[in-house]
Amino acid sequence: MIEEIVELWLDISPYLLLGMFIAGLLHIYLGSPFIKKHLGGGKKSIFKASLLGVPLPVCSCGVIPIATSLHEEGASKSATLSFLVSTPTTGVDSILATYSLLGPLFAIFRPFFAFFAGIFTGFVNYMIEGDGKEIKEHKHEEERKSFLDGLKYAFLELPEDMGKWLVIGVIAGGIIASIPFQIKASYPYDMFAALAISLPLYVCATGSIPIATALITKGFSPGSALVFLIAGPATNTITLSFVRYKLGRRSFFIYLFSIITLSLFAGITFNFIWDYWQNIATLTFMPPYWIKLLSGIILAALIGRALIAPFLEKKMEMTEILFVPDMHCRNCKATIEKELRKKGIKNFYVSLEKKSVGLLNPEDREKAIDAIKRAGYKIEKP
C-alpha cells in the first residue's frame, strides 16, 4: 500500500507543481473584477462564465463565495450556474495532474466537458427562468498583482486550499490500488456507483484524480472514472445547499439534473472514445525519476507547511464565538475576513480548523452575522 501511495505522489508532483505555477500567473490577470466585468446578463454571459471557469483552480467549496459575490453584483442565475458547474470541475493545475496519471484523452476531454456542461446548464436555466438581472454598473477596485503575488498564490495559498484533499485522494487511491482483487464493477452499473459516491462527497478536482486512477486499476471503466471526476468536484452537500437557498428551487433541480445526466452521458461517450483511441489513451511523458523525486519532496514540503500553518497562528481570546459549518478552505476564510473588515470589525479571529469566527467585542455580533451571511455562509448555533 505504501508503495502505491508513494508512486501516485511522485507521478503527480511534477505536473501539479507546473500547473500551480501557471495558476499563479492566471491569478495575476483573472481576478474577481475581471470576472465580474464579463458576467452580466444575456446569453453571452453564460458562454463567458463557463469559459472563465475552466482554467481557474478553484475548488467546489471555494467557488461558493465567488458565485455569491457575482450573484449579489447582479449576475444572472444562468451565468452563476454556468460558473458553478465549469469552475470546480477542472482547473489548469488539475488538467496537468490529470495528464500525469490518466493520460492525454482524460486531460483533453475533462476540461472540454466542463466547458460544455457549464454552457448546457446555464442555457437550460435561461430557457426556464429567463435572463434575470445584469451586473451593476459601478467601478470595481482593481487590484494590481505582481509576479510575487502570483507565486504566493501558487505555492502558499493553493496548497492550503487543496492540500488536505490531495493527501486524502492519494492515500485513498493507494489503498484502492493495493486491494489484492478486482472489484469487477460491470458496465454501466459502475457509472451509477461512481455517481452515487461522488454526488454528496466533497472532493477537489485534483484530489479526485488519484481515486479515479485507482478505480480504473480495480476494474471500473474509464467512463465511470470520468463520471467521478466530473460529479465529485461539481457537487457536494455544500454546493447543493448554496444553489437551493441562493438561486431557488428550480435552479437547484436544473443544476442537479444537468450534472447527473451530463456526467453519465460523458461517461458513456468517453468509453467509446477510449476504445477507439486506446493506443494513445495512456501515452504520457514522464520526467526522469530524479525530477519526480525532487518534485515530490517540494510538493510534500508545501503541503506540509499548509497543513500545520493553522496551528502556528497566534490566537486571541475571544468573548463571542460564531460557528460557520460551511467554511472548508482558505478561500472561505479569506472571504469571511474580507466581509468582516468591510463592516468595520477589527478584533476578530477566523479559525478554519474549528469552523468558527471569534469576536473580541460582543457588540460586533450582529454586524458579524450580517457579514458572514453576505459572504454566502450560514451560521450554526453552538
Side-chain angles (χ1 to χ4, degrees), residues 1-25 27 57-62 88 91-101 147-178 201-214 232-233 286-315 327-335 337 349-356:
M1 181 178 69
I2 300 299
E3 182 179 347
E4 284 81 3
I5 292 174
V6 172
E7 184 178 355
L8 282 173
W9 187 267
L10 295 183
D11 284 344
I12 204 173
S13 294
Y15 287 98
L16 188 53
L17 288 176
L18 177 60
M20 290 162 61
F21 175 73
I22 298 174
L25 298 181
H27 178 72
V58 180
C59 65
S60 54
C61 178
V92 67
D93 55 331
S94 65
I95 291 172
L96 290 173
T98 301
Y99 171 79
S100 68
L101 293 184
F147 182 70
L148 186 61
D149 291 325
L151 292 180
K152 179 182 177 183
Y153 175 79
F155 300 114
L156 295 181
E157 296 182 16
L158 265 184
E160 291 181 6
D161 277 348
M162 69 178 182
K164 180 173 70 173
W165 305 109
L166 176 62
V167 171
I168 292 173
V170 171
I171 293 175
I175 293 174
I176 295 172
S178 63
L201 185 67
Y202 178 86
V203 59
C204 71
T206 303
S208 63
I209 300 168
I211 300 176
T213 305
M286 294 307 296
Y289 182 78
W290 69 268
I291 293 181
K292 291 166 57 176
L293 181 60
L294 180 61
S295 300
I297 293 172
I298 294 173
L299 183 62
L302 293 173
I303 299 297
R305 176 216 161 265
L307 293 178
I308 66 172
F311 301 99
L312 300 179
E313 294 178 353
K314 293 182 179 180
K315 300 177 177 61
M327 180 167 50
H328 284 272
C329 69
R330 187 197 174 280
N331 199 6
C332 303
K333 181 175 182 288
T335 302
E337 289 173 340
Y349 177 77
V350 180
S351 173
L352 184 57
E353 65 273 16
K354 294 183 178 179
K355 303 182 187 298
S356 65

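In this structure, Lys355 places its NZ atom where more than 12 heavy-atom neighbours from other residues, nucleotides or ligands lie under 6.0 Å away.
When all heavy atoms of Ala154 and Pro159 are compared, the pair lying nearest together is O-CD, 3.4 Å. The two residues Gly163 and Leu307 have their closest heavy-atom pair at C-CD2, 4.4 Å. What you find for Met1 and Ile175 is that their closest heavy atoms are SD-CG1, 3.3 Å. Minimum heavy-atom separation, Ala214 to Gly173: CB-O, 3.2 Å. Ala205 and Pro88 make their closest contact through CB-O, 3.4 Å (heavy atoms, listed as atom of the first residue, atom of the second, distance). Considering all non-hydrogen atoms of both residues, Ser94 and Thr206 come closest at CB-OG1, 3.6 Å.
With rounding to the nearest 0.5 angstrom, the CG atom of Leu158 is 13.0 Å from the NZ atom of Lys152. Interatomic distance, Leu96 CG to Leu101 CG, rounded to the nearest 0.5 Å: 11.5 Å. Interatomic distance, Ile298 CD1 to Leu293 CG, rounded to the nearest 0.5 Å: 10.0 Å. Here the CG-CG distance, from Leu16 to Asp11, works out to 12.5 Å after rounding to the nearest 0.5 Å. The distance from atom CG of Leu8 to atom CG of Leu166, rounded to the nearest 0.5 Å, is 10.0 Å. Between atom CG of residue Leu294 and atom OH of residue Tyr289 there is a gap of 11.5 Å, rounded to the nearest 0.5 Å.
A distance-only check finds a donor-acceptor pair linking the side chain of Trp9 to the backbone of Gly296 [under 3.5 Å]. Side-chain atoms of Ser295 never come within 3.5 Å of backbone atoms of Lys292 as a donor-acceptor pair (strictly under, hydrogens ignored).
Note on ring orientation: taking the six-membered ring where Trp is involved, the planes of Phe147 and Phe21 are perpendicular (angle over 60°, cut-offs 30° and 60°).
Put simply, the side chain of Tyr15 does not reach to within 4.5 Å of the side chain of Thr98, judged on heavy atoms. Proximity of Ile176 to Glu4: side-chain heavy atoms (C-beta onward) are nowhere separated by under 4.5 Å.
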